[in-house]
Amino acid sequence: MVIKTMQTTRLITQILLRNSSKLNSIRYQGTAANSSKWQILGAVCVTRPPVVCPPMDPMELKYSQMLSAIEQENSYKSQHEIRHEEDLIRAELLKIGDTDDVDLDEVTKQTAVEFVDAANDELKRFSFTSSTTDVDVSGDLSSLNRALERSLCLVVKQKLGEDHRWVLPQGAWNPGETLRQTCERVVKESCGSNMRIRILSNAPCGFYKYKYPKQIRQEGYCGAKVFFYRGQIVNKDTELNYSSDITDHAWLTQDELDSRLQKSYAESVAQFLISDK
């Protein structure tokens, strides 16, 4: 009887241990599933294209001159060239004294050569304005009226967790929205409704993810997956009205992004930007 009781107790213990192991496994899987939940964010790379054309590099200049030569060879004569040839013919007729076929009214008008001389004199008096603005001299990075020959990207100093970091304007995706709608909402909430932009695609152009520190993980999110969209500013004379989680902004060239953005973040942004140098 004692032996039978011991066997029964041993069997119950094995069953309990087996069930306890399964329960711990289920709990671990549930915890792992919750800790691997990622928050979806949309971010917008708002750009301002160059305002003036930058000087051509030697290769561009050579190619431009080649195209001009080809165009001149294959083109018809312009009105100016025809006028110059007619002036030469009239001058020869007047030299030999044959004035019957010469319109004297045309002779008294400005010739093509005189027109070229007058145009060259006017060109010498013209001076090109420098592309360097007062904002460039003062070093104000918050103004759009700088680096007119370069593309500029908007970065903001936004609160992420307990710290403020330089990032592209970003915000959380809401259920029922497309990522493009999220980005359009983020720009209005972050920069104000006065700022109008044009999103350039329906699909993201870049991606970045990062883990949240353990002390600020909320709602079971272990980190964020950021989907980047490209956009262009439409009204360049607008002023930004920050949201409460943004303290500063800057319009930076691609070379200047590395000085503000975190290295891994800047590398992800650089993958979808085309160099303007």
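Remember, it's a predicted structure, so these values are computed and weren't measured experimentally. Both backbone and side-chain heavy atoms feed into the values below; hydrogens, waters and symmetry mates do not. Residue numbers run from 1 in the order of the sequence given.
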Is there a donor-acceptor pair under 3.5 Å between the side chain of [X] and the backbone N or O of [Y]?
X: D87; Y: A112; answer: yes
X: S190; Y: V187; answer: no
X: D136; Y: T133; answer: yes
X: R83; Y: S78; answer: no
X: E60; Y: D57; answer: yes
X: N235; Y: R196; answer: yes
X: R48; Y: L144; answer: yes
X: Q170; Y: F228; answer: no
X: Y229; Y: N202; answer: yes

Notebook entry, point to check: In the single-linkage hydrophobic clustering (I, L, V, M, F, W, Y; side-chain heavy atoms under 4.5 Å), do Y208 and L168 co-cluster?
Noted result: yes
Note to self: When you compare the side chains of Y212 and Q39, does any donor N or O come within less than 3.5 Å of an acceptor on the partner?
What the structure shows: yes
Notebook entry, point to check: Does one side chain, of T253 or D255, offer a donor that lies under 3.5 Å from an acceptor on the other?
Noted result: no
Is there a side-chain contact between [X] and [Y], using heavy atoms and a 4.5 Å cut-off?
X: D258; Y: K263; value: no
X: R146; Y: D140; value: no
X: R230; Y: C45; value: yes
X: V46; Y: W251; value: yes
X: H249; Y: P169; value: no
X: F227; Y: I40; value: yes

Next item on the list: Go through the steps to decide whether E184 and R180 satisfy the test salt bridge (Lys or Arg N to Asp or Glu O under 4.0 Å), and finish with yes or no.
Entry: CA-CA 6 Å; E184 291 172 343; R180 173 169 178 158; 3.3 Å; yes
Next item on the list: Provide the closest heavy-atom pair for T47 versus C153 in the form atom of the first, atom of the second, distance.
Entry: CG2-SG, 3.9 Å
Checklist line | Over all atoms of both residues, closest heavy-atom pair of A172 and L41 | finding: CA-CD2, 3.4 Å
Check: Does the ring center of F207 lie less than 6.0 Å from the ring center of F272?
Finding: no
Checklist line | Residues that, via side-chain heavy atoms closer than 4.5 angstrom, fall in one hydrophobic cluster with F126 | finding: F128
Margin query: Checking E177 now: which residues fulfil salt bridge (charged side-chain N to carboxylate O under 4.0 Å, His left out) with it, not counting sequence neighbours?
Written below: R185
Take a 6.0 Å sphere around [atom1] of [X] and say whether it holds more than 12 heavy atoms from other residues, nucleotides or ligands.
X: H164; atom1: NE2; value: yes
X: M59; atom1: CE; value: no
X: F115; atom1: CZ; value: no

